[in-house]
Amino acid sequence: MFGGTGDLSMRKLIPALYHSDRDGRLAPDTRIIAMSRGGLTDADFRGKVDAEVRGQVPADDPDGWQRFLGRLHHVSVDVGGQNRSGWSALSRLLAGYEQRDRVFYLASPPATFGPFCREVHRAGLVTPRSRVVLEKPLGHDLASAQRINDEVGEIFDERQIFRIDHYLGKETVQNLLVLRFANAFLEPIWNSLWIDHVQITAAETVGTPGRRGYYDQAGALRDMVQNHLLQLLTLTAMEPPARNDREAIRDEKVKVLQALRPITGGEVERFTVRGQYTGAGDMPGYLDEPASTPPTEASRRVETFAAIRAEIKNWRWAGVPFYLRTGKRMPYRRSEIVVQFKDVPHSIFPGGSPNRLVLRLQPEEGIELHIMAKEPGAGEVTLKPVPLSLSFGKTFTTRVPEAYERLLTDVLAGNPTLFMRRDEVEAAWRWIDPILEAWKADPVLPEPYPAGTTGPAGAHELLGRSGRAWHEEEL
Ligand code: BG6
């Protein structure tokens, strides 16, 4: 793991690997080698993991935890530096293991992906059974993504490259495919004849404390929309693949991205909204979040909230808007896909409302179908929307694995279905680029919204213009 002592590694990767180990999914002599500039010994690194990660995993397995700590190593490498001793140390650790699966996980900024791959190749460590995992964001626009893909592609074959988007590892996301393609009743109505619109929301209560360096450059569009939200859109909108196989599914997803109607020039103002949170109560505004450097012009211009009205130009979805929104410091943490059906063609009861299917990814994973029912009682028929609901937590007693756990298992098994193919990532950037450019050229700053609210007024107008509203209901 390059960047192996960083935040992602400590919060997500190491706990996921521990759970895999506990469930018996790591081969007996699997080793986990963190690479960083940190100058740590194995013992230092084990101590760090013990101190920082132990609290995140169940305390009922002290022996398993000790065994797991024993798998950990640390090597200091300086990618791009003159000192090659780290690479020699890594070579010594890996000598004799050439026939084993070898995964290089790059939990580091995208600019390091190309240089890392070149250096690991130069050190002679890339074997036919090696894989490389690239964390998002892959580049900051189409051109940089292509450059990175070219650089990594010089060393690794496409089948060895795993571009991770952890949303694809979430249980509900995989269930979306099962719901759509393993049940007969949905597919006939999954189109513009029956569906009015779709809303995809990823709302977070957290702000960006300590992340300004990254976030000023990324913003919500690059951080969440280009990857997580567009992935949810493709899975919702894709055609049924002929087989449950890695390429068949990814082929269908890429077709959705290619069918997205470009939003360019003057349309950007009409179909997109960007916002930045301001201080409210005891919550600081974006510009006042703790950071190692003072805010700059880039900080003032960066969006912490984005909403977009997307359209997919094909037979199935003509005329059905897909509304995407994501924001930091919203009043709730919630990721969901809401499929809003059309109203009945002819209503004989007063007070009905159209059906709605909600696929909730978090905080609690579940699926809910809102149908109309009669409220019990004599006299006038009164309608009430009631949910048919499936809570994964209540229905299945097995532990729901974290997204990273599932995805790391797939990398080890060499299964790339839930990873993004090169053409997918580039198609996503192709659609995002004109929006980024228009926002960059716009002298107007992002619309302010107070921390703890549902985003700027413009986001509500985006739907309000066509008589629609964001789904805000708790499940
Ligand atoms: C990451 C983003 O990819 O996803 C973060 O960089 C964001 O800004 C996170 O907070 C959200 O992930 P999750 O699984 O908590 O929804």
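It should be emphasised that the depicted structure is a prediction, and the values quoted were computed from it without experimental measurement. Numbering of ligands and ligand atoms starts at 1, following listing order.
For atom 12 (O) of ligand 1, the closest heavy atom belonging to the protein is His166 NE2, 3.1 Å. In this structure, atom 15 (O) of ligand 1 lies nearest to the protein heavy atom Arg333 NH2, 3.2 Å. Closest to atom 16 (O) of ligand 1 among all protein heavy atoms lies Gln362 NE2, 2.5 Å. Considering only non-hydrogen protein atoms, atom 11 (C) of ligand 1 sits nearest to Glu204 OE2, 3.5 Å.
Between Ser20 and Thr409, some side-chain heavy-atom pair lies under the 4.5 Å cut-off.
Those atoms of ligand 1 with a heavy atom of Lys328 less than 4.0 angstrom away are 5 (C), 7 (C), 8 (O), 10 (O). If you number the atoms of ligand 1 from 1 as listed, the ones under 4.0 Å from a heavy atom of Arg211 come out as 5 (C), 6 (O), 8 (O). Every atom of ligand 1 with a heavy atom of Lys136 under 4.0 Å away is listed here by number and element: 1 (C), 2 (C), 3 (O), 6 (O). Heavy-atom proximity to Asp223, at under 4.0 Å, picks out these atoms of ligand 1: 2 (C), 5 (C), 6 (O), 8 (O). In summary, the atoms of ligand 1 found under 4.0 Å from a heavy atom of Lys170, numbered by their order in the structure, are 13 (P), 14 (O), 16 (O).
For the pair Ser335 and ligand 1, the shortest N or O to N or O distance does not fall below 3.5 Å. No N or O atom of Lys12 sits closer than 3.5 Å to an N or O atom of ligand 1. Not a single N or O atom of Tyr215, backbone or side chain, sits closer than 3.5 Å to an N or O atom of ligand 1.
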* To do: Take Arg129 and Val103, measure what side-chain contact (heavy atoms from CB on, under 4.5 Å) needs, and give me the verdict at the end.
  => CA-CA 9 Å; Arg129 295 185 64 160; Val103 177; over 6 Å; no

* Asked: Run the salt bridge (Lys or Arg N to Asp or Glu O under 4.0 Å) check on Arg180 and Glu187 step by step: do they pass?
  -> CA-CA 6 Å; Arg180 284 194 58 198; Glu187 204 43 34; 3.5 Å; yes

* Decide yes or no on ring-ring contact (aromatic ring centres under 6.0 Å, His included) for Tyr277 and Phe305, but give the supporting numbers first. => CA-CA 8 Å; Tyr277 61 88; Phe305 175 99; over 10 Å; no

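Between Asp61 and Tyr18, the side chains place a donor N or O and an acceptor N or O closer than 3.5 Å (distance only, hydrogens not considered). For Glu336 and Gln362, the side-chain atoms include no donor-acceptor pair closer than 3.5 Å. Under the 3.5 Å distance criterion, with hydrogens and angles disregarded, no donor-acceptor pair is assigned to the side chains of Lys136 and Gln226.
Below 30°, between 30° and 60°, or above 60°: for Tyr323 and His197 the angle between ring planes is above 60°, a perpendicular geometry.
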